2 protein chains.
Amino acid sequence: MPEHLEQQETTPLPQSQPATDAFHEEFELFHRHLVKHRLKRTAQRDLILRTFLETEAHLSVEELYDLVKQRDKTVGFTTVYRTLRLLVEAKLAREVNFNDGRARYEHEYKHDHHDHLICTECDALIEFFSPEIERLQEEIAKQYGFVIADHSHRVFGMCQAYYTNSDDYPPYCRKRPGAAQEGKMR
Amino acid sequence: MPEHLEQQETTPLPQSQPATDAFHEEFELFHRHLVKHRLKRTAQRDLILRTFLETEAHLSVEELYDLVKQRDKTVGFTTVYRTLRLLVEAKLAREVNFNDGRARYEHEYKHDHHDHLICTECDALIEFFSPEIERLQEEIAKQYGFVIADHSHRVFGMCQAYYTNSDDYPPYCRKRPGAAQEGKMR
DNA sequence: TTCCCTGCAAATTTTTTGCAACTAG
DNA sequence: CTAGTTGCAAAAAATTTGCAGGGAA
């Protein structure tokens, strides 16, 4: 397997822990998961995990694949697809769905659960967390004898940056008013 | 502009309003939407709407198509697909997503907004509504200057019926323990 | 008559799988 | 060695579109 990638020189899979990597714990968790399930550590998996961890975006399989390709053209879509599933199993990634017709993934490890305000006009994404809502949710589940494993709370609407005519758009707004007005397409 | 609607008997599309139909308002809303957008009332659209309204289930396009076919084999999948979009536009249907890989639709008209507890073991669906959560959600949005248009709050976990060994399963549990253990597949 | 609608087939898009070659352990 | 992994190609699954014929207004 050809060795590519970054500034590592000696380790067999150096790209997983470059000096600049702040993801030691995540990698350790991942590698433990691999051992536990008798799976193998490969250069591709490490690269995919690192690429995933390095962006805070909520990427689809294809988007992550594109990023990975920039570093190693030989990695296949299928591998990214399967590794992402692996990351979900290892509790490093979480699948989210923004109604844009494709599955998206966000960091799960040490990322407190949070929910999203999603601007349907400009695709801005605002993360929020409300302990009160979490508590109420638990109460409701309890009433039904329901045991919560996970939840997804998405609020769709219009972000300030979009409906305001001002010129200083908050950092969380990825598009500017007037930009591609697509609504929900795929 | 032709006025139809309600309990007419002579209309060319009688199947839309049989004596047993309790959906007068929905049909009126729908037909008004058609007129407003210069769209046409057809037998297929009425049949699809009626079929949709007669089930409280959260159907996918294909499932609704199957139901419609039982009444009229000539109706095509595409028409059901497009009509469902029309119903969403007319605010009669709402798209929901239960992470089973396909879009599903539920009634929207006069159905207070509600959210779901979704049993990942047996696919049971429990609807809930919490004014407090709605209020908190509004507050949060306000903090961000976000204007809410819609939201989706899904709580995944295990329903009582599933983890209990008792034999009296609540009506909302569609499968019995031990039944097809599928988790999340498509 | 004029658009709109329908159903079919086909195209797209996204997700998933089969398989032969390859490799970590 | 052995069993898991990879990338390609192809299959599946779900959604969407083009179009010719038919129908509502």
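Here the structure is a predicted model, which means the values were calculated and not measured. Numbers restart at 1 for each chain; the letters A, B, ... are given by sequence-line order, proteins then strands.
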Test side-chain contact (heavy atoms from CB on, under 4.5 Å) applied to H37(A) - qualifying residues, sequence neighbours left out: H33(A), L39(A)
Integer-rounded Å distance: dA13(D) P and D100(B) CG: 14 Å
Residues which pass side chain to side chain donor-acceptor pair (under 3.5 Å) with R104(B), listed by chain and number, not counting sequence neighbours: E63(B), D100(B)
For F146(B), ring pair (Phe, Tyr, Trp, His ring centres under 6.0 Å) partners two or more places apart: none
Results of ring pair (Phe, Tyr, Trp, His ring centres under 6.0 Å) for F77(A) - residues two or more places apart only: Y65(A)
Whichever of E62(B) and L39(B) has its nearest DNA chain D nucleotide further upstream toward 5': E62(B)
Five-pair end axes of the helix from dT1(C)-dA25(D) to dG25(C)-dC1(D) and the angle they enclose, rounded to 10°: 40°
Test ring pair (Phe, Tyr, Trp, His ring centres under 6.0 Å) applied to F156(B) - qualifying residues, sequence neighbours left out: none
Salt bridge (charged side-chain N to carboxylate O under 4.0 Å, His left out) partners of residues 64-78 of chain B, not counting sequence neighbours, each pair once: E54(B)-R71(B), D66(B)-K69(B)
Distance test, side-chain N/O of R41(A) to OP1/OP2 of dT5(D), below 4.0 Å: no
Plane angle bin for H153(B) and H151(A) - parallel if under 30°, tilted between 30 and 60°, otherwise perpendicular: tilted
N/O (side chain, R45(B)) to phosphate O (OP1/OP2, dT6(C)) under 4.0 Å: yes
Below 4.0 Å: OP1/OP2 of dA14(D) and any side-chain N or O of S60(B): no
Below 4.0 Å: OP1/OP2 of dG7(D) and any side-chain N or O of Q44(A): yes
Which residue lies more 5' along DNA chain C, comparing V75(B) with H37(B) via nearest heavy atoms: H37(B)
Close approaches to DNA chain C from residues 76-84 of chain B, in residue order (heavy atom, under 4.0 Å): G76(B), T78(B), T79(B), R82(B)
Which residues share a ring pair (Phe, Tyr, Trp, His ring centres under 6.0 Å) with F30(A), sequence neighbours left out: none
